[in-house]
*Asks:* 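Just dropping this structure here.
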Amino acid sequence: MAHLRSIFAACLGLTLLSFPAPAQEMPLALALSCAACHGTDGKSPGAIPTIDGRSAKEMKEALAGFKNGTRPATVMNRLAKGYTDQEIDALADYFSKIK
Amino acid sequence: MKRISRRSFTAMASAAGAVLAMPNLAFGAQARVAVVGGGFGGAAAARYLKRLDKQLAVTLVEASRKFVTCPFSNLVLGGLRPIEEITHGYEGLAKDGVRVIHATVQGIDTGAKRLSLSSGSLLPYDKLVLSPGIDLNFGALPGYDRTAAEKMPHAWKAGAQTLLLKRQLEAMPNGGTVLMVCPDNPYRCPPGPYERASMIAHFLKTRKPRSKILILDAKENFSKQALFQEGWQANYPGMIDWLPGKAGGKVASVDAKAMTVKTEFGEQKGAVINVIPPQMAGEIARAAGFANDTGWCPVDFETFQSKMNPDAYVIGDASIAGQMPKSGFSANSQAKVAALAIIAVLNSRKPASPALANTCYSLVAPNYGISVANVYRVTDKGLVSVEGGVSPTGAPPDFRNREAIFAEGWYASITRDMFG
């Protein structure tokens, strides 16, 4: 299994190397739209929570909680239902890597 | 900085020339993107084009040196914010490396790919982003023209018109009626007229409590209707009346001299009359042939590339964006999709299929906010909302208060996101 996973990772790495931008673009368009409320790069200048620099795990749990309704919210429970689980993972990874 | 000798400069230039011939423009050759219009779409597009690809030569052409946002201009009418706090400059964009030219675009030569500017100069481009916003369709409502708008302000482009309407509200007698004339869809900011009624009611409640507001609407229903009506009942009982089109709300003509409006059911007189007329894409988009016979600009939903010209992208209120409302947030989201698509195309890549979003807050009262939030995707039915909706009705005061606070947070974030 570990072996399979490393082969998969190697293939994925190769794909990313060959076509760097398309692999990134799908979450990027979505991630950039978060800025309108959460600030550029997720750094909010106002009352809406900042979302950069948290762990990917924390972000995934929050977004999954908004999506399945277990985490209360005003707006995010309505929006998160529109994201796929893969997009939630990609968004969490994206914002966790912003310094 | 190290000085470059003529010889080494020539060598560098020819190396750059060799790169120019390659299909991939990312290395060395500076692709030129012109962005027309410095509002929620154009400013965000210019800033993100530069942020996403430092190599791009991005020029923003905008007539005004200061931009007054339509979002939160209703708060100015309500007396909650001075207009200075919703007025923004372009210095941040210039600092980010965007070339900002304050001029109007007089023509677009799509063959030669260049803009002619009011300054007399020509601006060549490889890709063009048009974000011209709306023009008021003077003439669509009999009696309502530019002169009439000086007596019956539209205030649907923020700035002088906002202040004119505010002065009229301050001068009207206690016990007078404010008439609001609202258009049929589509128009800029679907919940805007009803937030405006709320903010005018807040002003009247505190300053002229015997006054009334009558909304004459061409439509049979409106954005966040149940939430607005619940909020009006809670905050301004008996103060706001809304007449749908078939119940006498549809206005046939206005008379600015007599300060009256005519409906099928008779004549209405107002102490203050706010006419929000029908609208269409900003003039430059129509003059250059980017609009169809609806007066709005058809685009490819995946990229916002113009259906009329492959080198141009139309975003924001001027575009026909499926189910997305004409809002500042929509324009911001579309700006990023167009920026990513332009960078992909310039690098001979296929743009990725986007997901777009919109969240619109409306303030019913100072501590009472409501919202609509949706995610949009391209399906076989066009660009449609796949999930989302409005705030719950019957929510406790704490929920409304949090949405009012988040409305302010949204404003701080989105204006920083577009202006830097």
Side-chain angles (χ1 to χ4, degrees), chain A residues 15-52 63-64 66-69 71-92 94-95 98-99, chain B residues 26 40 44 47-48 51-52 328-330 332-337 339-341 343-344 347 349-359 361 369 371-377 385-392 395 399-400 402-403 405-418 420:
Chain A
T15 312
L16 287 172
L17 275 178
S18 315
F19 311 100
Q24 277 185 345
E25 256 171 19
M26 213 277 289
L28 193 51
L30 190 59
L32 295 181
S33 74
C34 303
C37 285
H38 293 282
T40 308
D41 292 332
K43 299 175 201 303
S44 171
I48 295 180
T50 284
I51 52 171
D52 72 309
L63 285 166
F66 291 138
K67 185 176 176 177
N68 67 28
R71 194 178 168 117
T74 52
V75 160
M76 277 315 297
N77 46 4
R78 290 176 255 159
L79 289 174
K81 286 189 182 72
Y83 309 155
T84 65
D85 293 343
Q86 289 78 6
E87 283 170 343
I88 284 179
D89 288 352
L91 285 170
Y94 176 84
F95 283 106
I98 293 177
K99 291 283 173 280
Chain B
F40 280 80
R47 185 152 186 261
Y48 271 84
R51 280 173 63 86
L52 291 165
F329 195 127
S330 290
N332 177 287
S333 188
Q334 293 160 7
K336 290 160 183 176
V337 167
L340 286 167
I343 290 166
N347 289 282
R349 286 189 279 104
K350 191 180 176 303
S353 186
L356 293 106
N358 176 64
T359 301
Y361 287 99
S371 66
V372 59
N374 294 78
V375 176
Y376 298 87
R377 291 181 198 274
S385 164
V386 291
E387 273 298 343
V390 297
S391 314
F399 193 96
R400 303 287 186 235
R402 269 190 292 152
E403 290 220 288
I405 292 167
F406 287 154
E408 295 210 12
W410 167 80
Y411 187 85
S413 287
I414 199 167
T415 51
R416 182 83 65 87
D417 192 46
M418 60 197 271

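These figures come from a predicted structure and were not determined experimentally. The basis for the numbers below is simple: all heavy atoms, side chains too, and nothing from hydrogens, waters or symmetry mates. Every chain is numbered from 1 and lettered A, B, ... according to where its sequence line falls, protein lines coming before strand lines.
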*Asks:* Chain A: which of B/Ser413, B/Gly328, B/Ala339 shares the most heavy-atom pairs with it under 4.5 Å?
*Replies:*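 Ranked by heavy-atom pairs under 4.5 Å with chain A, first place is B/Ser413.
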*Asks:* To the nearest 0.5 angstrom, please state how far the SG atom of A/Cys37 sits from the CZ atom of B/Phe329.
*Replies:*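 A/Cys37 SG to B/Phe329 CZ: 4.5 Å, rounded to 0.5 Å.
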*Asks:* Side chain, backbone, both or neither: which part of B/Tyr361 has an atom under 4.5 Å from a heavy atom of chain A?
*Replies:*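 The side chain, not the backbone.
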*Asks:* Quick check on the interface: out of B/Ser391, B/Pro392, B/Ala44, B/Ala335, who has the most heavy-atom pairs with chain A under 4.5 Å?
*Replies:*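 Result: the option with the highest number of such pairs is B/Ser391.
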*Asks:* Taking all atoms of both residues into account, what is the closest heavy-atom pair of A/Gly82 and B/Val375, and its distance?
*Replies:*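 Minimum heavy-atom contact is O-CG1, 3.9 Å.
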*Asks:* Identify, with sequence neighbours excluded, every residue that meets side-chain contact (heavy atoms from CB on, under 4.5 Å) alongside B/Asn374.
*Replies:*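 Partners of B/Asn374 under the side-chain contact (heavy atoms from CB on, under 4.5 Å) test: B/Val372, B/Tyr376, B/Ser385.
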*Asks:* What heavy-atom pair brings A/Ile48 and B/Gly409 nearest, and what distance separates the two atoms?
*Replies:*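 Scanning both residues completely, I find the closest heavy atoms to be CD1-C, 3.8 Å.
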*Asks:* Do the side-chain N and O atoms of A/Arg78 and B/Ser371 include a donor-acceptor pair separated by under 3.5 angstrom?
*Replies:*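 Distance-only check passes for A/Arg78 and B/Ser371.
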*Asks:* Report yes if the side chains of A/Leu32 and B/Arg51 come closer than 4.5 Å at any heavy-atom pair, otherwise no.
*Replies:*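 A/Leu32 vs B/Arg51: side chains apart.
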*Asks:* Heavy-atom distances under 4.5 Å only: say whether B/Leu356 touches chain A with side chain, backbone, both or neither.
*Replies:*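 Contact with chain A: none, neither part.
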*Asks:* Could you report the tightest heavy-atom contact between B/Ala412 and A/Gly46, atom names first, then the distance?
*Replies:*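 Answer, listing the atom of B/Ala412 first, then A/Gly46: CB-CA, 4.2 Å.
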*Asks:* For A/Asp52, check side-chain contact (heavy atoms from CB on, under 4.5 Å) against everything at least two apart and list the hits.
*Replies:*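 Partners of A/Asp52 by the side-chain contact (heavy atoms from CB on, under 4.5 Å) criterion, ordered by chain and then number, come out as A/Lys43, A/Thr50, A/Ile98.
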*Asks:* I'd like to verify something: which residue of B/Arg402, B/Met418, B/Arg416 has the highest number of heavy-atom pairs under 4.5 Å with chain A?
*Replies:*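 Among the listed options, the one with the most contacts to chain A is B/Arg416.
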*Asks:* Rounded to the nearest 0.5 Å, what's the gap from CG on A/Asn77 to CD on B/Glu387? Could you check?
*Replies:*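 Separation between the atoms: 11.0 Å.
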*Asks:* Looking at every non-hydrogen atom in both residues, tell me the closest pair between B/Ala373 and A/Val75 and how far apart they are.
*Replies:*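 Looking at all heavy atoms of both residues, the closest pair is CB-CG1, 3.8 Å.
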*Asks:* Using a cut-off of under 4.5 Å on heavy-atom pairs, state which of B/Val390, B/Leu52, B/Val337 scores highest against chain A.
*Replies:*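 Most heavy-atom pairs under 4.5 Å with chain A: B/Val390.
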*Asks:* Does any backbone or side-chain atom of B/Thr359 lie under 4.5 Å from a heavy atom of chain A? Answer side chain, backbone, both or neither.
*Replies:*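 Just its side chain gets close to chain A.
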*Asks:* Let me confirm one number: the CZ-OG1 distance from B/Arg47 to A/Thr40, rounded to the nearest 0.5 Å.
*Replies:*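 Taking CZ in B/Arg47 and OG1 in A/Thr40, the distance rounds to 4.5 Å.
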*Asks:* Supply the atom-to-atom distance A/Thr84 OG1 to B/Arg377 CZ, rounded to the nearest 0.5 angstrom.
*Replies:*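 So the OG1 of A/Thr84 and the CZ of B/Arg377 are separated by 6.0 Å.
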*Asks:* Can you see which heavy atom on B/Ile405 is nearest to which on A/Ala47, and at what distance?
*Replies:*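 Heavy atoms only, the tightest pair is CG2-CB, 3.5 Å.
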*Asks:* To the closest 0.5 Å, what do you measure between CZ (B/Phe406) and OG1 (A/Thr74)?
*Replies:*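 Output value for this atom pair is 5.0 Å.
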